[in-house]
Number of protein chains: 2
Amino acid sequence: MPLTHDRLDFIQPTLNGPSADLESALSLAIHEHRLLPGTKLGEDELSEIYGVSRTVVRTALQSLSHSQLVDLKRNRGAFVSQPSVREAREVFEARALLEPRTANSAAERMTDAALVRLEAHIAAEHDALESGEPGKALRLSGHFHIEISRIADQATIAGFIERLVARSSLIIAIYWRRQSALCEKHAHHALVDAFRRRDGAEAEALMKSHLLDILTALDLREVKATNGSLRDILKP
Amino acid sequence: MPLTHDRLDFIQPTLNGPSADLESALSLAIHEHRLLPGTKLGEDELSEIYGVSRTVVRTALQSLSHSQLVDLKRNRGAFVSQPSVREAREVFEARALLEPRTANSAAERMTDAALVRLEAHIAAEHDALESGEPGKALRLSGHFHIEISRIADQATIAGFIERLVARSSLIIAIYWRRQSALCEKHAHHALVDAFRRRDGAEAEALMKSHLLDILTALDLREVKATNGSLRDILKP
DNA sequence: GCGCACAATATTGTATACAATCTGCTGCTT
DNA sequence: AAGCAGCAGATTGTATACAATATTGTGCGC
């Protein structure tokens, strides 16, 4: 029986060294919107907090910058990324291109075990919402998409989707409009239903409209109250 | 009048520090098949060759590992990646998914300046072949695809394609069968012709068959004379 | 002679020290 | 008072030293 998807799903404990742990911790915080776009991530600061040397902090930050979660500016430091409106649109265009087809493939290759995993995943999302952890719920709902892409069994494309989901989390942090409630629960449930019926076409359509729903719930106008970084939005 | 595309097109001189330079140099060598998959990249070795400290070597290697050009094994070292047959198929499936549509977009947004760039690019490929630099020609022909994706003006997808092209270079290094000549010249020329006519549908079709041509010219069977790494192909 | 254990060597991982660069302030000049 | 020069502080970039780990070589026992 699968565990509820907790942080263990994100963090693979110390096998790749301390820097991977720190990277996971920061990634988690960003995905849960505890670290907001624009926040500066000082090296000394982090090295003190986590009790490691700047060397490993540096490694982790570089890694995060490659996955586009943080922006590394030479001689200036590391900042949580702030995708522009343009990038936001591009990310969701790319997702609309990749994910529906991937959902279709996933439906074809769906196994009972995978179905159970997805259902447990949705349950965990629900629990997180109930227990007043919206950040965790948001992270899980993003991870739901990653889980699907993995079931589709195309590691390369799954990797791209993982990047896109990560970037989407930042986009949501910046451009989400408060009034529209984040009710992915229904959409995810409908997807699982389609998967259960191995209905690829339906899953594809559902995923497509689901992504569109998210996109239209965004308020894609420049600079929503940037905290932290400053000056970068005024420069050119 | 655009310069012939030389290494300057790959290397943006020291603005991001020595590690970016080293990364570019290694990336270039890998793309030109002077460094073959499986080759070990020792840190001391590189630091001596390029006259920099291991710190910057390390940074460069990490960067390359994130773009999947090198494989970083904890406590073992860095090796030029060796994509498996399965990965090879996935990469070309992903390319078949992304690039034809991207070529279509590129045709729509094609400008005269961009056309000139592409033509110069093909000329450079030709020159490289003529002057007995097949590695350089191969690298350029890969970069041709990246150039197109940039013209399509979708940075996110262009980034994905760049990764795929890089990985394709490794795949070709491993699985290319000698007998089939690499005659991309004709395909690239046909693509430019379609672009010149702003014929998106034609460009899309051409790109699709072009990718298929490359894929079918590969000999996708496990382990073609792996040099270097060993043991990893015998382990499980 | 073969196989295993242990030591020697080499290579990577981490921490720390020093250098380079940027930021922000002070105080002078106009 | 506004603006610029230059200095002080802080932060990042780089190099080096040390620790941990894996690989290789040697010798002992069988």
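Throughout, a chain's letter reflects where its sequence line sits, starting with A, and its residues are numbered from 1. The basis for the numbers below is simple: all heavy atoms, side chains too, and nothing from hydrogens, waters or symmetry mates.
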Per A/Asn75 side chain, nearest of listed nucleotides D/dT14, D/dT11, C/dT21:
C/dT21
For the pair made of CG in B/Leu41 and C1' in C/dA10, what is the distance, rounded to whole Å?
17 Å
Atom CZ of B/Arg76 to atom C1' of D/dT24: distance rounded to whole Å?
13 Å
Given C/dT14, D/dT14, D/dT12, which nucleotide is nearest the side-chain atoms of B/Pro18?
D/dT14
For B/Ser67, check side chain to side chain donor-acceptor pair (under 3.5 Å) against everything at least two apart and list the hits.
none
B/Tyr50 atom OH is separated from D/dA15 atom P, nearest whole Å, by 16 Å
Measure CG/A/Asn16 against C1'/D/dT21 and give the value in whole Å, please.
15 Å
Tell me, which of residues 60-69 of chain A have any heavy atom that sits under 4.0 Å from an atom in DNA chain D?
none
For A/Arg74 and D/dT14, is the shortest distance between a side-chain N/O and OP1 or OP2 below 4.0 Å?
yes
With DNA chain C as reference, determine whether B/Glu43 or A/Gly51 sits nearer its 5' end, using the nearest nucleotide of each.
B/Glu43
What's the closest nucleotide to the side chain of A/Asp44 if the choices are D/dT14, C/dA15, D/dT12?
D/dT12
A/Thr102: side chain to side chain donor-acceptor pair (under 3.5 Å) partners, not counting sequence neighbours:
none
Which one, D/dT14, C/dT14, D/dT21, comes nearest to the side chain of A/Thr55?
C/dT14
A/Arg76 with A/Asp71: basic N within carboxylate O range, under 4.0 Å:
no
Does a side-chain N or O of A/Lys40 approach OP1 or OP2 of D/dT12 to a distance below 4.0 Å, or not?
yes
Apply side chain to side chain donor-acceptor pair (under 3.5 Å) to A/Arg74 and list each qualifying residue two or more places apart in sequence or on a separate chain.
none
Out of C/dT23, D/dA15, C/dT12, which nucleotide sits closest to the side chain of B/Val52?
D/dA15
Of the listed nucleotides (C/dT12, C/dA15, C/dA17), which one gets closest to any side-chain atom of A/Arg54?
C/dA17
Of all residues at least two apart in sequence or in a different chain, which pass the side chain to side chain donor-acceptor pair (under 3.5 Å) check with A/Asp219?
A/Arg221
Look at the rings of B/Phe144 and B/His121 and say which category their plane angle falls in: under 30° parallel, 30 to 60° tilted, over 60° perpendicular.
perpendicular
Between NZ of B/Lys73 and P of D/dA22 the distance, given in whole Å, is 14 Å
For A/Arg54, check salt bridge (charged side-chain N to carboxylate O under 4.0 Å, His left out) against everything at least two apart and list the hits.
A/Glu43
Using whole Å, report how far CG of A/Asp21 lies from C1' of C/dT14.
14 Å
Write down the distance between CG (A/Leu46) and P (D/dA10), rounded to a whole number of angstrom.
18 Å
